[in-house]
S.K.: 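Quick one: the structure is below, and I'll ask about it shortly.
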Amino acid sequence: MMMDKILTYMDEYHMWPENGNVVAGVSGGADSVCLLSLLVRLRNSSGQISCSGHGREQRPFCGLKLTVVHVNHKIRREAAEDAAYVRMLCEGWQVPFILVEEDVEALAQKEKISCEEAGRQVRYRAFRQALSEMDEGSGTRGCIAVAHNRDDRAETLLFHMFRGSGLEGMGSIRPVRKNEDGSRIIRPLLSCSRKEIEDFLRAEGLEWKTDRTNAEDLYTRNRIRNRVLPYVEKEICPQAKGHLAREAALLADTADFVRKKTQEALARCSKDFSEKGERHFEAAAFLREDPFLQDHMLMDSVEKFGQKKDMTTAHIEQIKKLFLPSCTSGRRIALPILQLCVYRQFHQVIFKKETEPAKTAKKDADREKTEILLTAGSFFVPGMGEVRARFLPGPAAEGRKEGDRAVFLQNIPEKKYTKWFDYDKIIQSAMFRTRRTGDYLTINDALEKKSLKRYMIEEKIPAERRNGLMLFADGAHVIWVPGHRISAVYKVSAKTKTVLEIVISQETEKEIYAEEESEDG
């Protein structure tokens, strides 16, 4: 029986609430109606419930207390009908009902996030608030129950794999997740397929509401659900969803093991100074650890002292160079998009949460060796201010007509602080940084080289400004000296497939112009 299966799963992952309080998120869909039915059955079990067919002991429930939260995202016209249906179920089963209404599309626009992410934030905020009110004064914490099923776990695994997530992401949806406030999110239905759930509801004579957007391919997850998995089940493996869900469980266990070993390795070679927002590594001890654990220690450090969301493998590789014996003390990597600064200080590598205001960072630019990896979007560069980077299809991009190519080349910006580059010519990880020994530019179409030092002398750039001047570089090859010239190699041509556009904000342009005019005067 499905009830036996669910109870066994809840036992396995210790889902029972410490104080009996449970807040259930119920949308009115099949999964959440099944979850509510389960929880009501447990609440009404008069203190115990038995599982047939397995000879297991009866299970006490210590006065389960249940509250339902329904969130209306104000996206679908029929959303009010869903809320009314859930309210009716709660009234029939005598369960306290809380309705939360919020314009998710407006929130997504305001916060510049997807509607999916905005909806998730609204839901879980409402769940935590309801549970906090239930738990008040009890001294213990209850649970938030949500209705993800086995198929959701399979879909999420594919979604994260396609996006290039690491082990944590491929672990997909976890049976139990702990919130920062000490409460837990539990998913009792995670071992059940969508078909099992719907068959159970039909057998119980329970109806549910269907969200019409689930059948539309508006979101990536929907396309995986409606296109990818049906094809895989038909053409490759009929049991694909079940296999993927089991793989997700295995990867989740693997991620837990790796996290444990990572924490042990961190204890061996680093020390946190949380009050300063810093983590100090002993470089030699770090290098003695397995390379696999080294990467995970760095990712953990970014997550704890910075912003992991926009982290890439290029960031990790750049940070690892600071640990090499050849790295000199004082070398610094600023990662504003990660809200993090990492630098070498004698035998240590220090992670520091970047909380300095822009003006302070700008003053420090002349005193620090700074490196900022190129990232699409807006980011802060010390000494320059806000910089925006984006990628455009170039003249040679697939599908562009011959006549359009000529027009494209005629419209290349000639502004001093807006430049287009041939992105395909960039060999290494492009970055904004201060100068290094060996830097050079290519000064003409014959690709003749000139040292950066000689170029700065000829351009009469004051000596006191040269060390702090930010450059845009590809290894030792300087792509652009902002406010001055770009290297001929990186100019956009008829053969360019991808254009990289770099824009320095107009406000910053005025500041730089003012500085130059002051120095020239």
S.K.: Could you tell me the separation between the CG atom of L131 and the CG atom of N179, rounded to the nearest 0.5 Å?
M.R.: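 The CG atom of L131 sits 8.5 Å away from the CG atom of N179.
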S.K.: Which residues pass the side-chain contact (heavy atoms from CB on, under 4.5 Å) test with K320, sequence neighbours left out?
M.R.: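 Per chain and number, K320 pairs via side-chain contact (heavy atoms from CB on, under 4.5 Å) with Q294, D295, L298, I316, E317.
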S.K.: So how far is it from H296 NE2 to T262 OG1, rounded to the nearest 0.5 Å?
M.R.: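 Output value for this atom pair is 6.0 Å.
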S.K.: Step by step, would you call E204 with R41 a salt bridge (Lys or Arg N to Asp or Glu O under 4.0 Å)?
M.R.: CA-CA 12 Å; E204 294 289 314; R41 185 173 298 194; 3.2 Å; yes
S.K.: Are L42 and V22 side-chain neighbours, meaning at least one heavy-atom pair lies under 4.5 Å?
M.R.: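 Of all side-chain heavy-atom pairs linking V22 with L42, none is under 4.5 Å.
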S.K.: What residues form a salt bridge (charged side-chain N to carboxylate O under 4.0 Å, His left out) with K271, not counting sequence neighbours?
M.R.: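 K271 satisfies salt bridge (charged side-chain N to carboxylate O under 4.0 Å, His left out) with no residue once adjacent residues are dropped.
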S.K.: Stepwise, does the side chain to side chain contact (heavy atoms under 4.5 Å, CB included) test hold for I6 with F200?
M.R.: CA-CA 12 Å; I6 293 171; F200 169 79; over 6 Å; no
S.K.: Regarding K304 and D272, does a basic nitrogen lie under 4.0 Å from an acidic carboxylate oxygen?
M.R.: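 D272 and K304: salt-bridged.
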S.K.: Surrounding CZ of F273 (heavy atoms of other residues, nucleotides or ligands, distance under 6.0 Å), is the total greater than 12?
M.R.: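 More than 12 heavy atoms, drawn from other residues, nucleotides or ligands, come within 6.0 Å of this atom.
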S.K.: Do any N or O atoms from the side chain of K65 and from the backbone of N19 form a donor-acceptor pair under 3.5 angstrom?
M.R.: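 Checking the backbone N and O of N19 against the side chain of K65, a donor-acceptor pair under 3.5 Å is found.
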S.K.: For a quick test of reading the model, state the closest non-hydrogen atom pair linking L35 to A145 and the distance between them.
M.R.: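 Closest heavy-atom pair between L35 and A145: CD2-O, 3.6 Å.
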S.K.: In sequence, state the C-alpha distance, the side-chain angles, and the governing distance for L244 and L229, and then conclude on side chain to side chain contact (heavy atoms under 4.5 Å, CB included).
M.R.: CA-CA 10 Å; L244 286 168; L229 281 171; 3.8 Å; yes
S.K.: Could E198 and K195 be called an ion pair, given the rule that one side-chain N must be under 4.0 Å from one carboxylate O?
M.R.: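 The answer is no: the pair does not qualify as a salt bridge.
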S.K.: Within a strict 4.5 Å, meaning less than it, do heavy atoms of the S27 and D82 side chains meet?
M.R.: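 A side-chain contact under 4.5 Å is absent here.
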S.K.: When rounded to the nearest 0.5 angstrom, what distance separates CE in M3 from SG in C34?
M.R.: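 Going from the CE atom of M3 to the SG atom of C34 covers 8.0 Å.
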S.K.: Please find the pair of heavy atoms, one from A80 and one from N72, that lie closest to each other, and give the distance.
M.R.: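 In this case the closest contact between A80 and N72 is N-ND2, 4.2 Å.
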S.K.: Strictly distance-based, threshold 3.5 Å: is any side-chain N or O of R388 a donor or acceptor partner for the main-chain N or O of V503?
M.R.: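 It does not hold such a pair.
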S.K.: Suppose the criterion is salt bridge (charged side-chain N to carboxylate O under 4.0 Å, His left out): which pairs have a residue in residues 108-134, not counting sequence neighbours?
M.R.: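 Every pair satisfying salt bridge (charged side-chain N to carboxylate O under 4.0 Å, His left out) with a residue in residues 108-134: E102-R125, E117-R120.
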S.K.: Below 4.5 Å, heavy atoms only, C-beta onward: do M431 and I372 meet side chain to side chain?
M.R.: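 No, every pair of side-chain atoms sits at 4.5 Å or beyond.
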S.K.: Applying side chain to side chain donor-acceptor pair (under 3.5 Å), can you list everything that pairs with E207, at least two apart in sequence or on another chain?
M.R.: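 Expected list: none.
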S.K.: I'd like to know if E18 and R141 make a salt bridge, using a cut-off of under 4.0 Å between side-chain N and carboxylate O.
M.R.: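 Looking at E18 and R141, the cut-off is not met.
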S.K.: On a heavy-atom basis, which atom in V176 and which in Y13 lie closest, and how many Å separate them?
M.R.: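 Shortest heavy-atom contact: CG2-O, 3.5 Å.
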S.K.: Near R390 CZ, under 6.0 Å, is it more than 12 heavy atoms from other residues, nucleotides or ligands?
M.R.: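 Check fails, neighbour count at 12 or below.
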S.K.: Only one of R227, R221, K241, R194 forms a salt bridge (Lys or Arg N to Asp or Glu O under 4.0 Å) with E155, so which one is it?
M.R.: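 Of the listed residues R227, R221, K241, R194, the salt bridge (Lys or Arg N to Asp or Glu O under 4.0 Å) partner of E155 is R194.
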S.K.: Would you please test W208 and L201 for side chain to side chain contact (heavy atoms under 4.5 Å, CB included) and show each step?
M.R.: CA-CA 8 Å; W208 65 88; L201 292 178; 3.5 Å; yes
S.K.: Quick one: does any side-chain atom of H280 pair with a main-chain N or O of I350 as donor and acceptor, under 3.5 Å?
M.R.: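 Judged by distance alone, no pair lies under 3.5 Å.
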S.K.: Any side-chain heavy-atom pair from R344 and F281 closer than 4.5 angstrom?
M.R.: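 Side chain of R344 against side chain of F281, heavy atoms only: no contact under 4.5 Å found.
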S.K.: Which residue pairs pass the side chain to side chain donor-acceptor pair (under 3.5 Å) test with at least one member in residues 87-99, sequence neighbours excluded?
M.R.: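 Residue pairs with at least one partner in residues 87-99: there are none.
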S.K.: Answer yes or no: is there a donor N or O on one side and an acceptor on the other, between the side chain of R184 and the main chain of C143, under 3.5 Å?
M.R.: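 Pair absent, no side-chain N/O of R184 close to backbone of C143.
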S.K.: Is any side-chain heavy atom of M2 closer than 4.5 Å to a side-chain heavy atom of C192?
M.R.: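 Touching, per the 4.5 Å side-chain cut-off.
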S.K.: To the closest 0.5 Å, what do you measure between CG (N21) and OG1 (T140)?
M.R.: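 Reported value, rounded in 0.5 Å steps: 7.0 Å.
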S.K.: Is any side-chain N of the basic residue among K5 and E196 closer than 4.0 Å to the acidic one's carboxylate O?
M.R.: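 Yes.
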S.K.: How about Q263 and D300: do any of their side-chain heavy atoms sit closer than 4.5 Å?
M.R.: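 Yes; the side chains approach each other to less than 4.5 Å.
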S.K.: Please report the closest heavy-atom contact between L500 and A389, naming both atoms and the distance.
M.R.: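 Distance-wise, the nearest heavy atoms are CD1-CB, 4.4 Å.
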S.K.: Would L66 and L36 count as a side chain to side chain contact (heavy atoms under 4.5 Å, CB included) here? Give the steps.
M.R.: CA-CA 9 Å; L66 181 60; L36 178 56; 4.0 Å; yes
S.K.: Not counting sequence neighbours, list each pair that qualifies as a ring-ring contact (aromatic ring centres under 6.0 Å, His included) and has a residue in residues 123-153.
M.R.: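 Listed by first then second residue: Y124-F127.
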S.K.: Which atom names give the shortest non-hydrogen contact between A126 and V100, and what distance separates them?
M.R.: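 Closest pair (atom of A126, atom of V100, distance): CB-CG2, 3.9 Å.
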S.K.: Got a sec: does the CD of E235 have more than 12 other heavy atoms crowding it under 6.0 Å?
M.R.: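 Yes, the 6.0 Å shell around CD holds more than 12 heavy atoms from other groups.
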S.K.: Closer than 3.5 angstrom, by distance alone: can the side chain of S301 be matched with the main-chain N or O of M297 as a donor-acceptor pair?
M.R.: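 Flag set: sc S301 to bb M297 pair under 3.5 Å.
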S.K.: Under 3.5 Å, is there a donor-acceptor pair linking the side chains of D181 and S183?
M.R.: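 There is such a pair between these side chains.
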S.K.: Less than 4.5 Å apart, any side-chain heavy atom of M134 and any of V23?
M.R.: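 Of all side-chain heavy-atom pairs linking V23 with M134, at least one is under 4.5 Å.
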S.K.: Below 30° counts as parallel, above 60° as perpendicular, anything between as tilted: where do the rings of F391 and Y423 land?
M.R.: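 It falls in the perpendicular class, over 60°.
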S.K.: What's the separation between atom CG in L107 and atom CD1 in I113, rounded to the nearest 0.5 Å?
M.R.: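 The CG atom of L107 sits 5.5 Å away from the CD1 atom of I113.
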S.K.: Give a yes/no verdict on a cation-pi contact between R279 and F351, requiring under 6.0 Å between NZ or CZ and the six-membered ring centre and an angle within 45° of the axis.
M.R.: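 No - R279 does not lie over the ring of F351 by the 6.0 Å and 45° rule.
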S.K.: Closest heavy-atom contact between Y85 and K209?
M.R.: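 Looking at all heavy atoms of both residues, the closest pair is CB-CE, 3.7 Å.
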S.K.: Going from CE on M161 to OG1 on T156, what distance comes out if it is rounded to the nearest 0.5 angstrom?
M.R.: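 One gets 13.0 Å once the value is rounded to the nearest 0.5 Å.
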S.K.: K74 versus E101: any side-chain heavy-atom pair under 4.5 Å?
M.R.: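 Sidechains of E101 and K74: in contact.
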